[in-house]
Structure formats: structure tokens, C-alpha cells
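Written out below as C-alpha cells is the structure these notes cover.
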Amino acid sequence: MTAPVFVVDRLDPVGAEFVLEGAEGRHAVSVKRLRPGEDVVLTDGRGRWTEGVVKAAEGKDRLVVGELAAVREEPEEGPRITVVQALPKGDRGELAVETMTEVGVDAIVPWAAARCITQWKGERGLKALGKWRATAREAGKQSRRVRFPEVADAATSRQVASLLADADFAAVLHESGDAPLATAELPAKGHIVLVVGPEGGVSPEELALFTQAGARPYRLGRSVLRTSTAGTAATALLLGRTGRWD
């Protein structure tokens with residue numbers, strides 16, 4: 001899929017015209033500078049999408065799209081990959097979400113780990129979560145996805161343990177891992193859950209809790225990656241090994 005992607009609330013019938021306005025229309029007209037005759041993709045971000053052709057670019061934020069094709073739905077791929085991402089400091093959280101979305105992660109769970117410097121509380125936490133979700137949406141568009149990753153509410157360690165207990169494969173990236181993730185036996189379908197700790201590492205208590213839930217510590221490689229890049233590297237590895245990148 002090479003045409004630029006835009007998010008819409010509804011997908012109109014075959015052959016109809018659709019007017020893209022607001023922020024999406026502004027991006028199409030003023031940023032992408034689309035012109036009549038160019039192809040575009042309209043999606044709800046949840047797997048449903050259609051193709052159309054630009055009929056007119058009006059003003060600074062109004063794009064008329066016509067010749068809409070039949071609405072298609074991209075099936076969910078398997079195994080599903082969820083990354084539990086400890087809260088990094090500064091804008092590194094958005095960096096992690098952006099790059100994991102680009103490579104193809106299915107879901108991201110923000111995790112308030114014990115050693116996180118950043119803690120999401122009250123309005124500040126809601127604002128940070130909103131930024132993560134907006135980043136996933138924009139990165140999904142940029143990477144031409146039509147099914148964007150879900151960004152869950154922030155989870156506690158016990159909630160993460162419950163998620164790991166229900167997974168078909170559960171891993172914690174940790175230096176104590178006696179096996180590389182690159183050689184782990186992965187399921188052909190189902191749900192893979194991967195935990196990425198904070199800069200200070202997963203605490204012994206958290207590791208014990210996750211191990212009891214059925215997770216196993218794995219090492220990613222010889223070098224130590226930052227929390228904002230480890231999830232992206234691990235997701236790429238898993239996507240390649242499960243055949244989703246074939």
C-alpha cells in the first residue's frame with residue numbers, strides 16, 4: 001500500500017464522494033499538497049479501509065475524494081504481539097510508541113514500574129496517555145497501516161502479571177535471561193506478550209511476580225538497549241521470526 005493514509009469516522013459506499021476536512025483535510029491539502037488524480041486511502045484505523053481518487057483540493061483544509069472502492073477489512077495478523085512498555089522519562093515514551101507502531105506492534109501497554117522516574121498521575125497522566133495514543137495514530141498513518149496499535153490504560157505490575165498469565169508466550173527482557181529471544185520457541189498463533197523494563201531495570205520483586213505468572217526472562221543481545229528502543233528491536237525480531245515480515 002503506497003497511497004497516503006487518512007483517518008475518517010465513517011467509510012462511504014462505493015463510488016460516493018467523501019470530503020476530508022479539519023485536521024486531516026489540512027494535512028492532505030497544506031502539508032501533503034495532494035492534487036486531483038492522486039490516490040488516497042481512507043481508514044477507520046481499526047482495519048477497515050477503502051481507496052479513492054482526489055477530485056479537488058479546496059482552500060487550506062478541504063479535500064474532495066471520489067471513486068471510492070469497496071470497503072475492505074484487513075484481518076488481524078497472528079500471533080498478536082503486545083509490548084508492555086515501562087514509562088520512560090521525557091519524550092522517549094512517544095519515541096518508543098512511534099517506532100513500535102512503524103515496525104508493526106499490535107498493542108502497547110504503558111507500565112508504571114517501580115523504578116520508573118516518570119509516574120503518570122491525575123491530569124498529567126491522562127495527558128501523557130493521550131500523547132501516546134496520538135503518536136500511535138500518526139505513526140500508523142505515516143507507515144501506511146490501516147489497523148493501528150491499541151494503547152491501553154497504564155497498568156500496575158499486578159495487572160501486567162495477569163496479562164502475562166493469559167499469554168501463549170510471555171517474556172521479560174532482562175539481563176538474567178539464560179536464553180536469547182532470537183532462539184525462543186514461539187507460538188504460530190495466539191498472543192505474545194513482551195515486557196520492557198525502565199532505565200533502572202525490572203526490580204527483583206517484579207521479576208519474581210512475572211515469573212510466577214508464567215513469563216521467562218530473555219536477553220535480546222550483547223548490548224544493552226535503552227527502554228525506548230528495546231521494544232522496537234524485540235518487536236522487529238519477533239515479527240521476522242513468526243513470519244509476519246515474510
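Keep in mind it's a predicted model, so treat the numbers as computed, not measured.
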**Item:** Contact check, side chains of E175 and R219, non-hydrogen atoms, under 4.5 Å
**Value:** no

**Asked** Does any non-hydrogen side-chain atom of E98 lie less than 4.5 Å from one of E138?
**Response** no

Just by distance, do the side chain of [X] and the backbone of [Y] share a donor-acceptor pair under 3.5 Å?
X    : Y    : value
R241 : L186 : no
R133 : V151 : yes
S228 : A96  : no
D106 : I81  : yes
W245 : V103 : yes
E24  : V7   : yes

For residues [X] and [Y], report the shortest heavy-atom separation together with the two atoms involved.
X    : Y    : value
I192 : P79  : CD1-CG, 3.7 Å
L225 : A233 : CD1-CB, 3.7 Å
L87  : P110 : CD2-CB, 3.8 Å
S157 : E206 : OG-OE2, 3.5 Å
P198 : C116 : CB-SG, 3.8 Å
V14  : A70  : CG2-CA, 3.4 Å

Could you see if [X] belongs to whatever hydrophobic cluster contains [Y]? Use Ile, Leu, Val, Met, Phe, Trp, Tyr and a side-chain cutoff under 4.5 Å.
X    : Y    : answer
L207 : V195 : yes
V105 : L239 : yes
L68  : V71  : yes
V53  : V41  : no
V83  : L181 : yes

**Asked** Hey, which of L164, V109, I108 is the one that makes side-chain contact (heavy atoms from CB on, under 4.5 Å) with V84?
**Response** V109

**Request:** For a side-chain contact (heavy atoms from CB on, under 4.5 Å) with F18, tell me which candidate from L42, L11, V40 qualifies.
**Result:** L42

To the nearest 0.5 Å, what is the distance between [atom1] ([X]) and [atom2] ([Y])?
X    : Y    : atom1 : atom2 : value
H27  : F6   : NE2   : CZ    : 5.5 Å
T43  : E73  : OG1   : CD    : 9.5 Å
E76  : R147 : CD    : CZ    : 4.5 Å
T50  : D44  : OG1   : CG    : 11.0 Å
T135 : L95  : OG1   : CG    : 9.5 Å
H174 : L220 : NE2   : CG    : 14.0 Å

**Asked** Which of these passes side-chain hydrogen bond (donor to acceptor under 3.5 Å, both in side chains) with T227: K89, Q85, R92?
**Response** Q85

**Message:** Check D178 with R216, please: is the shortest side-chain N to carboxylate O separation under 4.0 Å?
**Reply:** yes

Where at least one partner belongs to [range], residue pairs that pass ring-ring contact (aromatic ring centres under 6.0 Å, His included), sequence neighbours excluded:
range            : value
residues 68-103  : none
residues 184-233 : W111-F210, F169-Y218
residues 113-137 : W120-W132

**Request:** In sequence, state the C-alpha distance, the side-chain angles, and the governing distance for V97 and E94, and then conclude on side chain to side chain contact (heavy atoms under 4.5 Å, CB included).
**Result:** CA-CA 5 Å; V97 172; E94 287 100 276; 5.6 Å; no

**Request:** Would you please name every residue forming a side chain to side chain donor-acceptor pair (under 3.5 Å) with E199, sequence neighbours left out?
**Result:** R226

**Request:** Please check if atom CD in Q119 has more than 12 non-hydrogen atoms from other residues, nucleotides or ligands closer than 6.0 Å.
**Result:** yes

**Message:** Tell me whether the count of non-hydrogen atoms from other residues, nucleotides or ligands lying under 6.0 Å of CZ in R115 goes above 12.
**Reply:** yes

**Set of residues satisfying salt bridge (Lys or Arg N to Asp or Glu O under 4.0 Å) with respect to R48, sequence neighbours excluded** = none

Please table the atom pairs, donor to acceptor, closer than 3.5 Å between any side-chain atom in residues 54-61 and protein atoms at least two apart or in another chain.
| residue | atom | partner | partner atom | Å |
| --- | --- | --- | --- | --- |
| K55 | NZ | E67 | OE2 | 2.5 |
| E58 | OE1 | R62 | NH1 | 2.3 |

